[in-house]
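Input: a single structure, listed below in structure tokens.
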Number of protein chains: 2
Amino acid sequence: MPDGYDPGAFEPFAVTVDLAVFTVRQGALHVLLVERGEEPYAGWWALPGGFVRPRESAEEAARRELAEETGLDADAITALHFEQLRTYSEPDRDPRMRVVSVAFAALLPALPEPLGGGDAARAAHVPYGTVHDLAFDHGRILSDAHRRIGAKLEYSCLATSFCPPEFTLGELQGVYETVWGTALDRPNFRRKVLATPGFVEQVDGPPRRSGGRGKPAARYRAGPANALHPPLLRPEGRPE
Amino acid sequence: MPDGYDPGAFEPFAVTVDLAVFTVRQGALHVLLVERGEEPYAGWWALPGGFVRPRESAEEAARRELAEETGLDADAITALHFEQLRTYSEPDRDPRMRVVSVAFAALLPALPEPLGGGDAARAAHVPYGTVHDLAFDHGRILSDAHRRIGAKLEYSCLATSFCPPEFTLGELQGVYETVWGTALDRPNFRRKVLATPGFVEQVDGPPRRSGGRGKPAARYRAGPANALHPPLLRPEGRPE
DNA sequence: GGCTTTTATAGTCACTGTGACTATTAATGA
DNA sequence: TCATTAATAGTCACAGTGACTATAAAAGCC
């Protein structure tokens, strides 16, 4: 922050938040998008988001906007994993005026959702990669978010954020395979997850079946650990 | 970005950049700080930074401000490793008005610097950790930056950014030890660095001595690689 | 009932990378 | 000349992982 400060000398900026909200449903990675109703980019898909209000931080604005767009209750939003990605500030990213946007990534379990009230009318979970033209620079924000989430799965226990409160190791493995787009060896994945203290905890009681074939799987819940040491690297390549 | 957009309805924000500029000199990690001349926090140390101008991005503002504060020439600034950290947007982080700040981390080789002209009069490279009270929330920004840089050394080839164009493996190891605050085993460090293709390249010619004792070290320059796979983990603990 | 199919779980084996060392080489200064 | 210092070379055991094979427990079909 410089000296030579004059409260009237700065140029006014609008500050917004943009959200990349990911879910894994039916084995495919989905993103929450809204359809724009106004120019510019009327009718285009865009990331949910909105203005930061005078008395809230960008983080608070992000959670508020997500609540408005999805209709999820406040408790569910509070529990979500929210992560600041980066800030996009190119002067012409919005043709109307100077808008600086703080981008966030959020991970949502694939629970049945209302997606009803308020601004949510035009919001939808869209399979990642099926929409190629997003409004503004949202395509770039979304691909940055996807890369970040993929990298973060490697060295954190974040994958459980995509899962319901109780899940099987097969479902957890499915999260990794879906986000990374690669197949993993099941016994090795299992060994790695169970060897990491605090990643998952087994739930007592009979292995509930949800009605599939094959041997019923044991159920687990997320453990207290956050970091994954050593990391669980994806098969091929570079994380970036 | 929402609909219901009215160019006059948003509240104006000031957008600034704050810079955490690190160097390694004489075996100690240093940070570039400036002494504030005005209230609030007159006489306090603060991170260098300033307003984002109407026609520049936050990245451009960060490089411009660093040039102004240090007197480094444009080419040197362009070559620097700059990294966006995160954005700080708490409503009361600046008591005067609503200021949203995009924080950057930069890595500077410990070259003899002018540090003379322009705003640079009150700028100094201060050993990291010796100043505990920084203006605004700059103390928090600085510790976030330090943590990020430390983590990034593990899985990237960033350490060479702290070094002059030619350096010895001992100097490179010193960067790691200084940033992490831990000692590393020299033969193992050497083996790891040389086993990573593209991390460093040996410079031909006689091993220049800069006048110390012991066997003269071979000289290296930074290679083309960016990522470190597998990572070079620090001895003890968690990266976060 | 016995079969096949499907999925979960258990276990093996070789190889890579690393931590913790020891040994050697090449310079300096007393 | 010799101790000192720092760079470089090499050794050894072990943890973690990739690529497997084998067994267990369910469902669906004849």
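Per chain, numbering begins at 1; letters A, B, ... match sequence-line order. The model shown is predicted, which means the values in this text are computed figures rather than measured ones.
- C:dT7 atom P lies 16 Å from atom CZ of A:R219, rounded to whole Å.
- Rounded to an integer number of Å, the gap from NZ of B:K215 to C1' of C:dA23 is 12 Å.
- In summary, of the residues considered (B:L66, B:V126, B:L108), a side-chain contact (heavy atoms from CB on, under 4.5 Å) with B:L32 occurs for B:L66 alone.
- Contacts between residues 156-165 of chain A and DNA chain D, defined by a heavy-atom separation under 4.0 Å, are absent.
- The pair A:E68-A:R64 counts as a salt bridge, with a side-chain nitrogen and a carboxylate oxygen less than 4.0 angstrom apart.
- Taking atom CZ of residue A:F167 and atom P of nucleotide C:dA8, one finds them 14 Å apart after rounding to whole Å.
- Taking atom CG of residue B:L184 and atom C1' of nucleotide C:dT18, one finds them 13 Å apart after rounding to whole Å.
- A distance-only check finds no donor-acceptor pair linking the side chain of A:E65 to the backbone of A:A62 [under 3.5 Å].
- Ring pair A:F22/A:F162: centre-to-centre distance not below 6.0 Å.
- Between B:R186 and D:dT8, a side-chain N or O to OP1/OP2 separation shorter than 4.0 Å is absent.
- For B:R140, the side chain to side chain contact (heavy atoms under 4.5 Å, CB included) partners are B:R86, B:Y88, B:E90, B:D144, not counting sequence neighbours.
- Remark: B:D18 engages B:R93 in a salt bridge, criterion side-chain N to carboxylate O under 4.0 Å.
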Heavy-atom contacts, protein to nucleotides 9-17 of chain D, under 4.0 Å, summarised as B (base), S (sugar-phosphate only) or - (none) per nt, yield BBB----SB
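- The interatomic distance linking B:L172 (CG) with D:dA7 (P) rounds to 12 Å, in whole Å.
- With rounding to whole Å, A:Q173 atom CD is found 12 Å from C:dT7 atom P.
- Below 30°, between 30° and 60°, or above 60°: for B:F136 and B:H138 the angle between ring planes is between 30° and 60°, a tilted geometry.
- Ring centers of A:H146 and A:Y128: under 6.0 Å apart, within the cut-off.
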